[in-house]
Number of protein chains: 2
Amino acid sequence: MEKNIEKFMTSTDCPVRNVLDRFGDKWSILVVLVLGEKGTMRFNEINKTIGDVSQKMLTVTLRTLEADGLVSRQVFPEIPPRVEYELTHLGISLVPHIHNLAAWANDNLGEIRTSREKFKV
Amino acid sequence: MEKNIEKFMTSTDCPVRNVLDRFGDKWSILVVLVLGEKGTMRFNEINKTIGDVSQKMLTVTLRTLEADGLVSRQVFPEIPPRVEYELTHLGISLVPHIHNLAAWANDNLGEIRTSREKFKV
DNA sequence: CCTTTGACTTACCAAAAGTAACTTAATAAC
DNA sequence: GTTATTAAGTTACTTTTGGTAAGTCAAAGG
């Protein structure tokens, strides 16, 4: 992992690239984070919690996360419909890493903002 | 951080959102990872190491990371030009978290791939 | 029968990212 | 003494990704 990073990077089989490409979209990480905090949630609940995600993209994001095995989807055959989402064990195992990243963000936002201001000038 | 995540999420001042929005682009995390591995690098070196990033997006990504204070940029007034990039202390402090994420990706890619296959059917 | 409800689709539009050609100025090659 | 090369970009144009707003579905309530 330390030596031939070059080959790792350019390869389409690079695990980091493979997963990063998938989570490098606009909403996936945030959805995992929210489900990690609140446990089981319904579609509109996730939508409102995040606030500025479109229905379309939330649908796409949840389907992708389901396909990847990070989120489970349970449909209740009622009218109006009820669909509940929650993290799988795989999804849960990712949460601490996102929390670490979030904590870093929290700790360093001040410095980042200062830097952004300086750069403008 | 545990209770009012709702307010955190919808707020534009949410540190997580603020930083995630910035790193949720396609290349930032990867560039930090590469610079973290190799130390000081020139533009074309980063470009070749990643392999499939366009010059345009690498320029944009590096400028953004510089504005955020994660990467430093040193121009040598030579012809042809030489520009060296490296992580700042802030950028370096982020690397371990990305490594953790990369390790998770590495450990779980098999399960993710299996899940993706199942989902197709 | 007309509205409401939740979880979506769909058609259309805007923003982000990719592609390929162009720029710059000093050497090196012809 | 033109022409090619070189590194780090920029620019114009195209494709991909994401956003917006309206429509769908079927039962229950008025």
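Keep in mind that what you see is a predicted model, and the values were worked out from it rather than measured. Order of the sequence lines sets the chain letters (A, B, ...), proteins ahead of strands, with each chain counted from 1.
The distance between atom CD1 of A:I79 and atom P of C:dT4, rounded to the nearest whole Å, is 18 Å. The CG-P distance, from B:L62 to D:dG9, rounds to 8 Å in whole Å. In this structure, the CG atom of B:L58 is 13 Å from the P atom of C:dA17, given to the nearest Å. Rounded to whole Å, atom P of D:dA8 lies 9 Å from atom CD1 of B:I46. Going from atom CZ of B:F76 over to atom P of C:dA26 covers 19 Å, rounded to whole Å. In this structure, CG of A:N44 is placed 9 Å from C1' of C:dT5, rounded to the nearest angstrom. Atoms CE (B:M57) and C1' (D:dT11) sit 15 Å apart, rounded to a whole Å. Computed from coordinates, the B:K56 NZ to D:dT16 P distance equals 14 Å when rounded to whole Å.
Both A:V53 and B:V83 sit near DNA chain D, but only B:V83 has its closest nucleotide nearer the 5' end. Ranked by how close their nearest DNA chain D nucleotide is to the 5' end, A:P81 and A:V60 are led by A:V60.
The one candidate from A:V32, A:T64, A:D52 that meets the side chain to side chain contact (heavy atoms under 4.5 Å, CB included) condition with A:W27 is A:D52.
Contact between the side-chain N/O atoms of B:R82 and the OP1/OP2 oxygens of D:dA8 is not found at any separation under 4.0 Å. OP1 or OP2 of C:dA7 has not a single side-chain nitrogen or oxygen of A:R73 nearer than 4.0 Å. Close to D:dA8, at under 4.0 Å from its OP1 or OP2, lies a side-chain N or O of B:R42. At the phosphate of C:dC8, OP1 or OP2 sits under 4.0 Å from a side-chain N or O atom of A:Y85. For the pair B:W27 and C:dA16, the criterion of a side-chain N or O lying under 4.0 Å from OP1 or OP2 is not met.
Each end of the helix from C:dC1-D:dG30 to C:dC30-D:dG1 gets its own axis from five base pairs, and the two axes differ in direction by 30°, given to 10 degrees.
The side chain of B:S54 has C:dG18 as its nearest neighbour among C:dA11, D:dT6, C:dG18. In the set D:dA8, C:dG6, C:dC8, the nucleotide with an atom closest to the side chain of B:Q55 is D:dA8.
Scanning for side chain to side chain contact (heavy atoms under 4.5 Å, CB included) contacts around A:R42 gives A:E45, A:R82, A:E84, with sequence neighbours left out. In this view, B:A67 and A:F119, B:R22 satisfy the side chain to side chain contact (heavy atoms under 4.5 Å, CB included) rule, not counting sequence neighbours.
Judged by distance alone with a 3.5 Å cut-off, no donor-acceptor contact links the side chain of A:K26 to the base of D:dG18.
Rounding to the nearest 0.5 Å places CG of A:L62 at 11.5 Å from CG of A:L70. Taken from CG in A:L109 to CG in B:N18, the straight-line distance is 5.0 Å, to the nearest 0.5 Å.
No contact: A:N47 has no heavy atom under 4.0 Å from any strand.
Considering all non-hydrogen atoms of both residues, B:N47 and B:V53 come closest at OD1-O, 3.2 Å.
By the criterion of side-chain heavy atoms lying less than 4.5 angstrom apart, applied directly or through intervening Ile, Leu, Val, Met, Phe, Trp or Tyr residues, B:V75 is grouped together with B:F43 in one hydrophobic cluster.
Under the 30°/60° scheme for interplanar angles, the aromatic rings of A:W104 and B:F23 are found to stand perpendicular.
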